[in-house]
Participant: 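Let me give you the structure first, and then I'll get to my questions.
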Amino acid sequence: MTSLRQGDIFAAGAQRLQMTESIELTIQSLQAYGADHAHWGLAWSGGKDSSATLTLIIWLIDTGRIKTPKTLTIFYADTRQELPPLAIAARQIMDELEERGIHVEVVTAPLDKRFMVYILGRGVPPPNNNTLRWCTRQIKIDPMTAALEQRLAELDGNVLMITGVRQGESAIRDKRIEMSCGKDGAECGQGWYQKVLPEAKGLKGRLATLAPLLHWRVCHVWEWLKHWAPQAEFGDWSTAMIADAYGGDEAEEINARTGCTGCPLASEDKALDTILLNPYWAYLAPLKRIKRLWRELREPHHRLRKAGIERLKDGSIAANPQRMGPILLESRLMGLEHILAIQTEINEAAIRLGRPTVDLINAEEEARIRELIALETWPDGWEGDEPTADTPLDKIYSDGAVQPLLFV
Ligand code: SF4
């Protein structure tokens with residue numbers, strides 16, 4: 001028993017030393033690059049990496065460890081798809097920032113481009129890993145680019161955009177920024193902010209990016225969120241909820257990637273599953289049905305298909321004849337009712353238990369989805385009169401060869 005305790009103390013001591021070193025490197029990177037920029041921006045999604053980055057930087061500024069920039073703008077990327085405990089923690093942190101006189105700009109995609117409206121209203125199939133990953137750019141990058149463009153128009157000079165990209169120990173060796181959000185439990189979108197934003201039209205030449213937590217290991221992120229940042233001496237932040245949402249002290253082993261609720265690109269709902277293990281959040285269990293719905297809506301019987309060779313606008317032939325396309329109107333309606341039912345079920349339980357309610361689809365989004373369906377809206381290149389994707393058709397190859405149906 002005694003030796004175990006001693007071991008724990010040594011382990012904690014080693015952890016602390018590493019944390020201090022990690023923070024020291026962060027300070028050095030901010031001093032080295034931050035000094036050249038009068039204006040700083042911070043891309044915050046409410047996930048673990050960017051929340052650690054945000055709270056640490058404000059603490060470093062508050063305690064005089066780094067020089068205060070002339071302006072600091074916090075951009076909160078609200079995708080409307082955040083896991084509820086993270087969205088709640090983000091709201092609390094926003095209040096804590098406002099108390100310090102720091103304004104947070106909430107960045108959300110325009111109504112028609114939001115995840116739910118785009119899928120259920122316009123009929124674009126849920127993103128997948130193979131052919132169609134439209135989501136990160138549309139709900140995270142493009143709105144952030146627009147917000148930054150607007151901010152840049154108000155400022156002289158360049159802006160240093162700080163992101164929560166993190167690559168752990170390999171970062172010191174490996175200078176390449178990983179775009180995958182699956183690596184080391186990283187946060188979806190942060191790598192894109194790092195790589196894509198400085199090159200974006202309207203921002204090019206006026207934006208530099210810095211990832212001051214690049215070298216942090218995931219255990220340091222948890223340590224900061226759970227044990228350091230909530231203490232008064234480190235800023236008294238409401239970050240413990242973020243760590244708790246991922247399983248508290250066990251979070252390090254779970255190492256969940258953070259992103260949207262029911263992300264169709266993640267093979268498992270690891271973060272949500274961990275949240276549901278916590279009795280406080282167990283009433284959110286119906287959220288598990290969201291990922292299943294996205295899978296279902298990609299099935300052929302919910303979608304249209306091009307019947308034959310497809311000519312593109314420039315007259316060329318599309319590479320994939322008979323490709324599957326948008327979601328049928330009735331399937332979109334089914335999807336909408338499904339999400340609304342999940343929302344009602346959770347919120348009834350929340351009210352009964354005195355827990356926070358969720359906001360998966362708000363009244364404005366629901367009205368717009370119903371309107372787009374009623375208007376029979378189809379994505380570009382589709383008319384709605386194409387056959388459903390489960391209709392047996394002669395097989396057409398990209399060279400125009402036809403193999404007639406063997407069985408009718
Ligand atoms: S978390 Fe998933 S659904 Fe959300 S933007 Fe990233 S890849 Fe797309």
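We count residues from 1, following the sequence as given. The figures here come from the full heavy-atom set of this structure, side chains too, leaving out hydrogens, waters and symmetry mates. Order of appearance sets the numbers: ligands from 1, and atoms from 1 within every ligand.
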Participant: Which ligand 1 atoms, with their elements, are less than 4.0 angstrom from a heavy-atom of Pro264?
Facilitator: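 Under 4.0 Å from Pro264, ligand 1 has these atoms: 3 (S).
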Participant: Using heavy atoms and a threshold below 4.0 Å, how should the contact between Pro127 and ligand 1 be classified: side chain, backbone, both, or neither?
Facilitator: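 No part of Pro127 comes within reach of ligand 1.
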Participant: Walk me through whether Lys48 and Arg166 qualify under side chain to side chain contact (heavy atoms under 4.5 Å, CB included).
Facilitator: CA-CA 11 Å; Lys48 63 187 193 319; Arg166 197 182 47 70; 4.2 Å; yes
Participant: Between Thr209 and Thr163, do the side chains contain an N or O donor and an N or O acceptor separated by less than 3.5 Å?
Facilitator: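 No.
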Participant: Considering Cys263, Ala271, Ala266 one by one, which has a heavy atom nearer to atom 2 (Fe) of ligand 1 than any of the others?
Facilitator: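 Heavy atom nearest to atom 2 (Fe) of ligand 1 belongs to Cys263.
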Participant: Under 4.0 Å from any heavy atom of Gly259, which atoms of ligand 1 are there?
Facilitator: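 Those of ligand 1 that fall under 4.0 Å from Gly259 are 1 (S).
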Participant: Taking Thr261's backbone N and O only, do any of them form a donor-acceptor pair with Lys291's side chain (distance below 3.5 Å, no angle check)?
Facilitator: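 Between the backbone of Thr261 and the side chain of Lys291 there is no qualifying donor-acceptor contact (under 3.5 Å).
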Participant: Tell me which donor-acceptor pairs under 3.5 Å the side chains of residues 109-122 have, and how far apart each pair is, sequence neighbours excluded?
Facilitator:
from   : atom 1 : to     : atom 2 : distance (Å)
Asp112 : OD1    : Arg368 : NE     : 2.7
Asp112 : OD2    : Arg368 : NE     : 3.4
Asp112 : OD2    : Arg368 : NH2    : 2.7
Arg114 : NE     : Ala109 : O      : 3.0
Arg114 : NH1    : Glu365 : OE2    : 2.7
Arg122 : NH2    : Asp380 : OD1    : 3.4

